[in-house]
Amino acid sequence: QVQVVESGGGLVQAGGSLRLSCAASGSIFSINAMGWYRQAPGKQRELVAIIIRGGTANYADSVKGRFTISRDNAKNTLYLQMDSLKPEDTAVYYCNVRVWAGALATNDYWGQGTQVTVSS
């Protein structure tokens, strides 16, 4: 199985920056994609950014130009550089690792989340 651990969250003032990290370990044979999701109080989980094989990245409109997703395949580590943070970015951020489970199937593994709080 795959274990996923996020780190790097904290409290920051609006306009500040944070860098989140996600370390994946365990029975990792082939990663299809890795991504960051977030869930704010009273809201549903939403996609923040994903990166797929080949390095193609996709971002939610709300974070484009402010967040940058990257990965180190050799270390099975995912990063999210968060700049120009806004209070509405406050949420628990979760790392998702999608691995191949068959020719046409994937399995998703999730971390426990890391809290990001942006004060005004």
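Contact record, Pro87 with Ser120: CG-CB, 4.0 Å, taken as the closest heavy-atom pair.
There is no side-chain donor-acceptor pair under 3.5 Å between Arg45 and Tyr37.
At least one donor-acceptor pair under 3.5 Å links the side chain of Thr77 to the backbone N or O of Lys75. Using modelled atom types, one side-chain atom of Glu6 and one backbone atom of Cys95 make a donor-acceptor pair closer than 3.5 Å.
Gln39 is listed as a side-chain neighbour of Tyr94, based on a closest heavy-atom distance under 4.5 Å. In this structure the side chain of Lys86 reaches within 4.5 angstrom of the side chain of Arg66, judged on heavy atoms. Counting heavy atoms from C-beta on, the side chains of Asn73 and Met34 never come closer than 4.5 Å. Contact check for Thr90 versus Val116: no side-chain heavy atoms found under the 4.5 Å cut-off. Looking at Thr68 and Leu80, their side chains never come closer than 4.5 Å, going by heavy atoms from C-beta outward.
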Run the side-chain contact (heavy atoms from CB on, under 4.5 Å) check on Ile50 and Tyr59 step by step: do they pass? CA-CA 7 Å; Ile50 60 171; Tyr59 298 89; over 6 Å; no
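With rounding to the nearest 0.5 Å, the separation of CD in Gln44 from CZ in Arg38 is 14.5 Å. How far CH2 of Trp36 is from CE of Met82: 9.0 Å, rounded to the nearest 0.5 Å.
Criterion: ILVMFWY side-chain heavy atoms under 4.5 Å apart, direct or through other members. Under it, Tyr79 and Phe67 are not part of a common hydrophobic cluster. Placement of Leu78 and Val99 within a single hydrophobic cluster is found when ILVMFWY residues are connected by side-chain heavy-atom separations under 4.5 Å, directly or transitively. Clustering ILVMFWY residues whenever any of their side-chain heavy atoms sit less than 4.5 angstrom apart, transitively, puts Val97 in the very cluster that holds Ile69.
The side-chain hydrogen bond (donor to acceptor under 3.5 Å, both in side chains) analysis of residues 102-115, with sequence neighbours excluded, yields the pairs Asn96-Asp108, Arg98-Asp108, Gln115-Thr117.
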Could you pull out all donor-acceptor pairs under 3.5 Å where a side-chain atom in residues 12-33 meets a protein atom, sequence neighbours excluded?
| unit_1 | atom_1 | unit_2 | atom_2 | d |
| --- | --- | --- | --- | --- |
| Ser17 | OG | Asp83 | OD1 | 2.8 |
| Ser27 | OG | Gln1 | N | 3.4 |

